[in-house]
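Proteins get letters first, then strands, A, B, ... in listed order; numbering begins at 1 in each.
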Number of protein chains: 2
Amino acid sequence: MAKTVLIVEDDRNIADLLRLYLEKEGYAVVIAPDGLKGVEKFHEVQPALVLLDVMLPGMDGWGVCRTIRAESKTPIIMLTAKSETEDKVQGLKQGADDYITKPFEMKEVLARIEAVLRRSGIEPEKAERKLTFDKLVIDMDAFELTVDGKKIPTPPKEMELLYHLASTPNRVYTRNQLLDEVWGFDYFGDTRTVDVHVKRLREKLEGVSDKWELKTVWSVGYKFEVTGR
Amino acid sequence: MAKTVLIVEDDRNIADLLRLYLEKEGYAVVIAPDGLKGVEKFHEVQPALVLLDVMLPGMDGWGVCRTIRAESKTPIIMLTAKSETEDKVQGLKQGADDYITKPFEMKEVLARIEAVLRRSGIEPEKAERKLTFDKLVIDMDAFELTVDGKKIPTPPKEMELLYHLASTPNRVYTRNQLLDEVWGFDYFGDTRTVDVHVKRLREKLEGVSDKWELKTVWSVGYKFEVTGR
DNA sequence: TTTTGGGTGAACAATTTGTAAAAACTGTCG
DNA sequence: CGACAGTTTTTACAAATTGTTCACCCAAAA
């Protein structure tokens, strides 16, 4: 059965984003919006790991951390805005197992979660981050795009965008969704950025296979369409 | 023949993880999910060592420990969630040889197992920590790097970094992951430290073989890439 | 035809890495 | 203890790579 991750975070956007990503990786996710509810949910669901924001309404992150640690060794990762080293030291002293500064990349969060679980003697949920469609292979573990066995050098943003689109084939994403989910919740750029990345991906994938396509949905966004068969 | 380790542990995840790790190190592993089955398996397989969880359904760890100790001097290591010292004293009084608190690191478990076996006059099984790629040999037992049969003097950190990267070829590691896993999760230094070590490794390994490469994955991290094969 | 949204190439900006050199450590030996 | 040799970490800057914006034009809806 899937491991459960408890996210204690009052910013809805961040929480949702984390959930989206972690669920894609095979974790079950429960969200609590403040410290007290966090402790409550902790008892209720007995998660395998807790992601804990430091700044919280009500009981702050340190308090929750101490409370949980007083009764359990469940791994805790703190999320904080400050990048001061002393804050990290403080965190680890309070019993946290690791510490991530915002803004963070999903990729980093996942890596930390797996590292912490492994350290705690818990087997991390390891969905293979590798998608195959006909002659196309998107391998996020090796960070490699392969077409017909041949490697195609591809910059990180393009990889992540393609991976994101392809992990739910046929589903349309708006540009803003993609900016949120691939670029990060704190990204404030132009939506046309997405267009350019799609264009570059199309160049790379042109004529590779007729079984799938990076398709524009007019006035909505883009999707990775897998045809028939 | 490989020594057998009996693991008495009801949490399937932990048991599996231990098995995975110990088998990689060259031990044969047998798992029992509760105290009674533990005693049973003990008679059946006559293990070289027993890893024994304290909290078990049916007969608890202490009971199993006493039962085994009553008839044999087979080394026993207790696994427990509590970190209380009194628990440890209790454990050793009941005849356990050592004691590990969860969450534990696999590395630590292995070290304890080897120490206990050695103390008991049994030769520990130790898998060769040695990787070979074409002309390159990374031997962590001798702590030696060999290229084409010739030894290349290499400082410890570089050895460990290379070994870590090479133990999962083609997989990308972020700098933070490497810092976590090679330097230790409580390391607070700069991520650029990794770059410098990679650079020095590259100097040593330059032009040695075209079958593998210490590769940069832009904006992500590094990997030990093995080509062809 | 008009309006709105998307494709595209190129310039420019920002980020990330390579590298060398200096500084900080470590452990050893006289 | 104090100098020394080897190792590790930090720093600074140049070089490489990637990300973003913008302008122009074309395509799709209305």
Student: Would you call K204(A) and E158(A) a salt bridge, using N to O less than 4.0 angstrom?
Tutor: yes
Student: Starting at the 5' end of DNA chain D and moving along, which residue's nearest nucleotide shows up first, Y187(A) or P155(B)?
Tutor: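 Comparing both residues, the 5'-ward one is P155(B).
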Student: May I have the distance from K204(A) (atom NZ) to dT8(C) (atom P), rounded to whole angstrom?
Tutor: 13 Å
Student: Look at the side chain of D195(B) and decide which nucleotide, out of dG7(C), dA22(C), dT19(C), has an atom nearest to it.
Tutor: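 Out of dG7(C), dA22(C), dT19(C), the nucleotide with an atom closest to D195(B)'s side chain is dT19(C).
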Student: Students often get this wrong, so: under 4.0 angstrom with heavy atoms, is V196(A) touching a base, only sugar-phosphate, or nothing?
Tutor: base
Student: Measuring from the side chain of Y222(B) (C-beta onward, heavy atoms only), which nucleotide among dG7(C), dG18(C), dA20(C) has the closest atom?
Tutor: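 Out of dG7(C), dG18(C), dA20(C), the nucleotide with an atom closest to Y222(B)'s side chain is dG18(C).
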Student: So, the side chain of D139(B) versus the backbone of A142(B): is there a donor-acceptor pair under 3.5 Å, distance only?
Tutor: yes
Student: When all nucleic acid strands are considered with a 4.0 Å heavy-atom cut-off, which category describes R200(B): base, sugar-phosphate, or nothing?
Tutor: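 Result for R200(B) = base.
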Student: Rounded to the Å, how far apart are E160(A) CD and dT15(C) C1'?
Tutor: 14 Å
Student: Does W183(A) have its ring centroid less than 6.0 Å away from the ring centroid of H164(A)?
Tutor: no
Student: Identify whether any heavy atom of T193(B) sits under 4.0 Å from a base atom; if not, whether one sits that close to sugar-phosphate; answer base, sugar-phosphate or nothing.
Tutor: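 Base contact.
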Student: Show the distances under 3.5 angstrom between N or O atoms of the protein and N or O atoms of nucleotides 23-25 of chain C.
Tutor:
none

Student: Starting at atom CZ of R175(B), determine the distance to atom P of dT15(C), rounded to an integer number of angstrom.
Tutor: 16 Å
Student: Closer than 4.0 Å, any side-chain N/O of K199(A) to the OP1 or OP2 of dG9(C)?
Tutor: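 True: K199(A) side-chain N/O within range (under 4.0 Å) of dG9(C) OP1/OP2.
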Student: Where do A166(A) and I138(A) come nearest, in terms of heavy atoms and distance?
Tutor: CB-CD1, 3.7 Å
Student: Considering just the side-chain nitrogens and oxygens of T216(A), establish if one lies under 4.0 Å of OP1 or OP2 belonging to dG7(C).
Tutor: yes
Student: Students should find this one: the first and last nucleotides of DNA chain D, 5' to 3', lying under 4.0 Å from a heavy atom of chain B. What are they?
Tutor: dT7(D) to dT18(D)
Student: Could you tell me whether R112(A) and D97(A) make a salt bridge, using a distance below 4.0 angstrom between a side-chain N and a carboxylate O?
Tutor: no
Student: Going by distance alone, is a donor N or O of one side chain under 3.5 Å from an acceptor N or O of the other, for R19(B) and Y27(B)?
Tutor: no
Student: Considering heavy-atom distances to DNA chain D, does W218(B) or D190(B) have its closest nucleotide positioned more toward the 5' end?
Tutor: D190(B)
Student: With a cut-off of under 6.0 Å to the ring centre and 45° to the axis, is R171(A) in cation-pi contact with Y173(A)?
Tutor: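 Because its charged atom sits under 6.0 Å from the ring centre and within 45° of the axis, R171(A) does stack over Y173(A).
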Student: How many whole angstroms separate atom NZ of K157(A) from atom C1' of dA13(C)?
Tutor: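 Whole-Å distance recorded here is 15 Å.
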Student: E25(A) pairs by salt bridge (Lys or Arg N to Asp or Glu O under 4.0 Å) with which of K107(A), K126(A), R129(A)?
Tutor: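 Of K107(A), K126(A), R129(A), salt bridge (Lys or Arg N to Asp or Glu O under 4.0 Å) with E25(A) is met by R129(A) alone.
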Student: Considering non-hydrogen atoms only, spot the tightest contact between G189(B) and L179(B) and give its length.
Tutor: O-CD1, 4.4 Å
Student: Would you indicate whether E203(B), at its atom CD, is surrounded by more than 12 heavy atoms from other residues, nucleotides or ligands within a distance under 6.0 Å?
Tutor: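 Yes, enclosed.
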Student: Measure NZ/K215(A) against P/dG7(C) and give the value in whole Å, please.
Tutor: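 Going from NZ in K215(A) over to P in dG7(C) covers 13 Å.
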Student: Within this structure, what is the CG-to-P distance between N176(A) and dG5(C), rounded to whole angstrom?
Tutor: 13 Å
Student: Closer than 4.0 Å, any side-chain N/O of R192(B) to the OP1 or OP2 of dT19(C)?
Tutor: no
